[in-house]
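These notes are about the structure you will find just below.
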There are 2 protein chains.
Amino acid sequence: MTTSHQPPGHIVLTSHPRGRGQKPRPIDWGASTPAARGPIVGSLTEPQRRNVIGAHNGSYGFFRALAVAAGTLDATHKPDLADTHPAVPIGPHPQWTEPNKIVSLDPWGHVAAEVFADDIRQGLDIRPTIAVTKAYLHVPELKDALAAGRLEADGKILKANGEAACTKIAVEPVWHLPSVAARFGIDENHLRRTLFSHSGGMFPELVTRDDLHVFLPPIGGATVYLFGDVEAIGDPARPVACRVHDECNGSDVFGSDICTCRPYLTHGIEVCLETAQAGGAGLIVYNRKEGRGLGEVTKFLVYNARKRHKDGDTAANYFARTECVAGVQDVRFQELMPDVLHWLGVTRIDRFVSMSDMKYEPLVRQGIEVAERVAIPDDLVPADARVEIDAKKAAGYWTPEPVASDVDLAAVKGRDWEA
Amino acid sequence: MTTSHQPPGHIVLTSHPRGRGQKPRPIDWGASTPAARGPIVGSLTEPQRRNVIGAHNGSYGFFRALAVAAGTLDATHKPDLADTHPAVPIGPHPQWTEPNKIVSLDPWGHVAAEVFADDIRQGLDIRPTIAVTKAYLHVPELKDALAAGRLEADGKILKANGEAACTKIAVEPVWHLPSVAARFGIDENHLRRTLFSHSGGMFPELVTRDDLHVFLPPIGGATVYLFGDVEAIGDPARPVACRVHDECNGSDVFGSDICTCRPYLTHGIEVCLETAQAGGAGLIVYNRKEGRGLGEVTKFLVYNARKRHKDGDTAANYFARTECVAGVQDVRFQELMPDVLHWLGVTRIDRFVSMSDMKYEPLVRQGIEVAERVAIPDDLVPADARVEIDAKKAAGYWTPEPVASDVDLAAVKGRDWEA
């Protein structure tokens, strides 16, 4: 990496543990205090002081590099973090220091500017990896819920005009590689080498810097929408509702009728508001994992293959088409998903708004109790999404109703494009 | 990069032009035919045959590497692209082969499986970087527009139940580095070295492989929602409407009232539908550039700093807060944005649904005529978003009304959190 001490033409292709310059500040992942854990130093203003692999801002870190290249950003700029601290206090919770409980985010990421204030004053460029703010939401479906009497306004959590108050939390991925490898049950060295090789040679430090255990991967993170009182979380006497929702831009934003994503999301918000109004807390966890982590190009190619199948777009062929194109049905890796709930202090979910065993099982494996599972109401399933939901039920999604047989699945057909 | 010919333990940190193995197939960017241009070979099933830097699927390529590491994906899997071809034909258009017209996507990306069918039959792993499908949208605001008489159902483009028919296109970034550098007016070598250094050492091949001119960057791409007849584009006798919308998940999905993003987006869809019903085409270009390309953590930190400012959250301080935290107001780089419109054959936009000069000027510089600019109707601006829209107008956003003075800007205050 270039540093201000090197001639501008000079570039170092990768660094090594025994390289020149001061040794990076150690990170003792899971240590009992922030001071003992040590700060995450991922900024590029002083590359020689970094103690992680990768860069901040997940998949947006690349735009910073482009801004420096284009000359619009001063490469030495350090953020002024005045007044940016959390709008609502979160933690500390026991989960933050339990071994292997949180492996893919920094539990101190939202208070980095406070707990490492002295280091920052002394010039160390430490950046928050989590931001906690407040928001007021206008979701059209909530107006319908009020009109239909499914929800009632209370004037604070939900107003009569459909406005919902929430705490909004953005979480950037911060991976402790030894713990992530353990979570997947694979060898850390294998994880590092494969992430390097099969990403097209991204971040050689994954291979060369075995002294650096923390990685800021260039992927999207999570956003939490918290309704009700954050204090209710972890209080056995108060209910917690949760939907873990994986990004589906075509449905979430544009209401595409080929899947149940937005209807299930807005139903989840309704359940969260009910639970908040009952004195509890409701959590929507929105993960940036478009198209099951395969991306939108793959997703649309699969839609085409489904619609053109000789038997039509049937539930029976739903998963097969994805595997033909992508080689795998899903790469969302829900094993890491419970981390954000551990960070919030969640130990029990009273109402889990999902039918997915891929989401349910990792939660239970990670020690989070799930009392009730809430299916999407049938009248919220778009006509063309019947294919998806029946295929998922037959593949083992939890459902209160009887599961369709193979024969039924062949009969469940989506719309013809030309219809 | 590891290849099947190397022992499993062996790893190559970066490649070099004069490395072992066959020379990569050359890419003649902008050549007049696909055969002359050559295929984009970015897949990792046979690393020695790659002729680009980076990996497919933008920011989701990393999940593929994780799937291989976790053992859920066979690293040698090649996609079965049967039946995945475009649902609607796009091009070829003259813009595809004009020098420096398209620099950040592959104009043949949607027909890669067809135009390079022989290479694929011979075992070359070529993947589409663009997918074209169809969708039927249920956007709640369109029902309101029908009820209010702002839109009328025609039974095909827009049904009485609010369902809108569209062509949906996902576009993955494919950068021709010499042309991208030229677009930014910077030296290619400077661009390559800075992207490498200031991304934390991502892709050393940016520095070592000056023989490879094409880069698949690990960032999000664009999704196009096309309403009406694709044939109308480029026909001087038929109108084209367009909104270029940059991702704002908090508003687009959750209706957060601090900005105008979703209201302006749904207004854009209305204008697109009107134009389609008038025999033209409407285009929504949705770019994955959350928080002006700075990401959601930075965005939420800025919200906190704005709300806590001693003078309150005023339009006068709107941009200043972002610069304090991020060091720059915006890293969306609209210079590359017109490429997808060139690819679609757009030469004139009759109704451009945006007030942003940052979007308007690159379009005009890139030779796209813009007839009318459509402001967001005042009654669609959420109360708390008045701060944003007035700050933007004062900063030079196009507006049909008089621009607020500095004094007014200090008076335009957003809601207090506790309100």
Side-chain angles (χ1 to χ4, degrees), chain A residues 1-2 11 13 44 54-55 57 59-60 62-63 65 67-70 73 77 79-80 83-84 131 133-140 170 172 184 191 193-195 197-202 204 218-219 252-257 293 295-297 300-301 303-305 308 324-325 327-328 331 417, chain B residues 1-2 11 13 44 54-55 57 59-60 62-63 65 67-70 73 77 79-80 83-84 131 133-140 170 172 184 191 193-195 197-202 204 218-219 252-257 293 295-297 300-301 303-305 308 324-325 327-328 331 417:
Chain A
M1 215 156 305
T2 51
I11 208 157
L13 288 180
L44 289 145
N57 295 341
S59 55
Y60 291 98
F62 184 86
F63 283 95
V68 173
L73 172 63
H77 174 270
D80 167 7
D83 296 332
T84 63
T133 190
K134 290 184 183 181
Y136 298 86
L137 312 183
H138 290 259
V139 180
E172 188 179 300
F184 285 115
L191 174 65
R193 285 166 165 256
T194 311
L195 285 181
S197 299
H198 287 276
S199 60
M202 194 190 262
I219 56 177
D252 296 344
V253 176
F254 292 92
S256 170
D257 74 348
E296 230 179 13
V297 169
F300 291 4
L301 294 174
Y303 286 163
N304 287 352
R308 290 182 174 124
C324 284
V325 175
V328 58
V331 294
W417 267 336
Chain B
M1 221 154 300
T2 51
I11 208 156
L13 288 180
L44 288 145
N57 296 340
S59 55
Y60 291 97
F62 184 86
F63 282 95
V68 173
L73 172 62
H77 175 270
D80 168 7
D83 297 331
T84 62
T133 189
K134 291 184 182 180
Y136 298 85
L137 312 183
H138 290 260
V139 180
E172 188 179 299
F184 285 115
L191 174 66
R193 286 164 164 257
T194 312
L195 286 180
S197 300
H198 288 276
S199 61
M202 194 190 262
I219 56 177
D252 296 344
V253 176
F254 292 92
S256 170
D257 74 348
E296 230 178 13
V297 169
F300 292 3
L301 293 174
Y303 287 163
N304 288 352
R308 290 182 174 123
C324 285
V325 175
V328 58
V331 293
W417 267 335

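Reminder, nothing fancy here: chain letters follow the sequence lines and each chain counts from 1.
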Practice item. Measure B:His77 against the heavy atoms of chain A and call it side chain, backbone, both or neither at under 4.5 Å. Key: side chain
Study note, to complete from the structure: With chain B, the option among A:Val139, A:Asn57, A:Val325 that has the most non-hydrogen atom pairs under 4.5 Å is A:Val325
**Study point:** Counterpart residues, salt bridge (Lys or Arg N to Asp or Glu O under 4.0 Å), relative to A:Asp257 (two or more places apart)
**Key:** A:Arg415
Study note, to complete from the structure: Ranking B:Cys324, B:Gly54, B:Pro140 by heavy-atom pairs under 4.5 Å to chain A gives rank one to B:Cys324
Check your understanding: Is the side chain of A:Asp83 donor-acceptor paired with the backbone N or O of B:Ala305 at a distance under 3.5 Å, no angle test?
Key -> no
Review point. Taking atom CD of B:Glu296 and atom OH of A:Tyr60, what is their separation to the nearest 0.5 Å?
Key: 8.5 Å
Practice item. Select one option (side chain, backbone, both, neither) describing which atoms of A:Phe184 are under 4.5 Å from chain B's heavy atoms. Key: side chain
Exercise for review: Considering non-hydrogen atoms only, spot the tightest contact between A:Val331 and B:Ala67 and give its length.
Suggested key: CG1-CB, 3.6 Å
Study note, to complete from the structure: Tightest non-hydrogen contact, residues A:Thr84 and B:Asn304, listed as O-ND2, 3.0 Å
Exercise for review: Using a cut-off of under 4.5 Å on heavy-atom pairs, state which of B:Pro79, B:Ala55, B:Ala69, B:Pro204 scores highest against chain A.
Suggested key: B:Ala69
Exercise for review: For chain B, find which of A:Thr194, A:Ile219, A:Val297 contributes the most heavy-atom pairs closer than 4.5 angstrom.
Suggested key: A:Val297
Study note, to complete from the structure: chain B shares the most heavy-atom pairs under 4.5 Å, among A:Asp252, A:Val328, A:Val253, with A:Val253
Review point. Any idea which of B:Pro218, B:Ser256, B:Ser59, B:Ala70 has the most non-hydrogen atom pairs under 4.5 angstrom with chain A?
Key: B:Ser256
Check your understanding: Any idea which heavy atoms bring A:Phe300 and B:Ala131 closest together, and the distance?
Key -> CB-CB, 3.5 Å
